[in-house]
Amino acid sequence: MNEAVIPELELLAFSFLSGIICFFGYDLLLVLRIFFRRSPLLEKVEDILYWLAASIFVFSVIYEKNSGVIRAYSILGMLAGMVLYRAVMRTRLTQAAAKRSERIRKWFKNKMEPLRKKRLELQNKRKQSKIEKKEKKRSRKQKKKEEKEKRKKKG
């Protein structure tokens, strides 16, 4: 094989793999969204940051393997990797995560229940102590008021 073709084939292979890695990374982001629900605005920000990171990753692959020269076959290789990943994996990763997410949430909720109860107890104690302080303050004010009235009556 011609020695000039080997670096080009390496670029094609790395481009193909980078396409697979990009979509796999996005699927991982989708899985995280299944487990940790966020607001739509935050999801949009995550998408922008993800694709910014993915573009930097793709550019670094092209820069490292081909000195920054963009070749049509490297872009086609990335697209082929993405299409193949989608064809093979489709929604398997996200569907599996969705099936397991409810079970994991229940498990996590059961493990966190003692901590949640303790936190509620502490919140109730704080509220109770604030109420008691207010009552003491009111009773002191009431006593002072009564003492003033007694002095006025005596005086």
Going from [atom1] on [X] to [atom2] on [Y], what distance comes out if it is rounded to the nearest 0.5 angstrom?
X: Met78; Y: Ile21; atom1: CE; atom2: CD1; answer: 10.5 Å
X: Ile48; Y: Leu52; atom1: CD1; atom2: CG; answer: 9.5 Å
X: Leu84; Y: Met89; atom1: CG; atom2: CE; answer: 11.0 Å
X: Leu11; Y: Ile70; atom1: CG; atom2: CD1; answer: 10.5 Å
X: Asn2; Y: Leu9; atom1: CG; atom2: CG; answer: 10.0 Å
X: Leu30; Y: Gln95; atom1: CG; atom2: CD; answer: 12.0 Å

Open item on the list: Which residues end up grouped with Leu122 if you chain together Ile, Leu, Val, Met, Phe, Trp and Tyr wherever their side-chain heavy atoms are less than 4.5 Å apart?
Closed with: none
Open item on the list: Who clusters with Leu49? Use side-chain heavy atoms, under 4.5 angstrom, across I, L, V, M, F, W and Y, and order the result by chain and number.
Closed with: Val45
- [ ] Evaluate whether atom CZ of Phe16 has more than 12 neighbouring non-hydrogen atoms of other residues, nucleotides or ligands under 6.0 angstrom away.
- [x]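 Yes - once you tally the heavy atoms of other residues, nucleotides and ligands closer than 6.0 Å, there are more than 12.
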Which atom of [X] lies closest to which atom of [Y], heavy atoms considered:
X: Ile20; Y: Gly81; value: CG1-O, 3.4 Å
X: Gly77; Y: Leu12; value: CA-CD1, 3.8 Å
X: Cys22; Y: Phe57; value: SG-CD2, 4.1 Å
X: Ser74; Y: Ile62; value: OG-CD1, 4.4 Å

Task: Carboxylate-amine/guanidinium proximity below 4.0 Å for Glu147 and Lys150 - done: no
Open item on the list: Quick test of your reading of the model: are Arg86 and Asp27 salt-bridged, counting only N-O distances below 4.0 Å?
Closed with: yes
TODO: Show your reasoning for whether side chain to side chain contact (heavy atoms under 4.5 Å, CB included) applies to Leu93 and Leu28.
DONE: CA-CA 8 Å; Leu93 188 63; Leu28 289 179; 4.2 Å; yes
Determine, using the 4.5 Å side-chain heavy-atom cutoff (strictly less than), whether [X] and [Y] are members of one ILVMFWY cluster.
X: Phe14; Y: Ile75; result: yes
X: Tyr85; Y: Leu79; result: yes
X: Ile34; Y: Phe23; result: no
X: Val88; Y: Val31; result: yes

- [ ] Applying ring-ring contact (aromatic ring centres under 6.0 Å, His included), name anything that partners Trp107, two or more places apart in sequence or on another chain.
- [x]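 Listed in chain order: nothing, the list is empty.
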Open item on the list: Suppose we screen for ring-ring contact (aromatic ring centres under 6.0 Å, His included). Which residues come up paired with Tyr26, at least two apart in sequence or across chains?
Closed with: Tyr50, Trp51
TODO: Start with the C-alpha gap between Leu29 and Asp47, add the side-chain angles, then the distance that decides, and say whether side chain to side chain contact (heavy atoms under 4.5 Å, CB included) holds.
DONE: CA-CA 9 Å; Leu29 180 64; Asp47 280 343; 3.9 Å; yes
TODO: Using side chain to side chain donor-acceptor pair (under 3.5 Å) as the criterion, point out the one residue from Lys117, Arg116, Lys109 that pairs with Glu113.
DONE: Arg116
TODO: List for me each residue that meets side-chain hydrogen bond (donor to acceptor under 3.5 Å, both in side chains) alongside Arg38, sequence neighbours excluded, and say none if there are none.
DONE: Glu46
Open item on the list: For a side chain to side chain contact (heavy atoms under 4.5 Å, CB included) check, start with the C-alpha distance between Glu10 and Ile6, then their side-chain angles and the critical distance, and finish with the verdict.
Closed with: CA-CA 6 Å; Glu10 283 180 1; Ile6 292 174; 4.1 Å; yes
Solution key, residues 127-139 side-chain donor-acceptor pairs under 3.5 Å, sequence neighbours excluded:
{"unit_1": "Ser129", "atom_1": "OG", "unit_2": "Lys125", "atom_2": "O", "d": "3.4"}
{"unit_1": "Ser129", "atom_1": "OG", "unit_2": "Arg126", "atom_2": "O", "d": "2.9"}
{"unit_1": "Ser139", "atom_1": "OG", "unit_2": "Glu135", "atom_2": "O", "d": "3.3"}
{"unit_1": "Ser139", "atom_1": "OG", "unit_2": "Lys136", "atom_2": "O", "d": "2.8"}

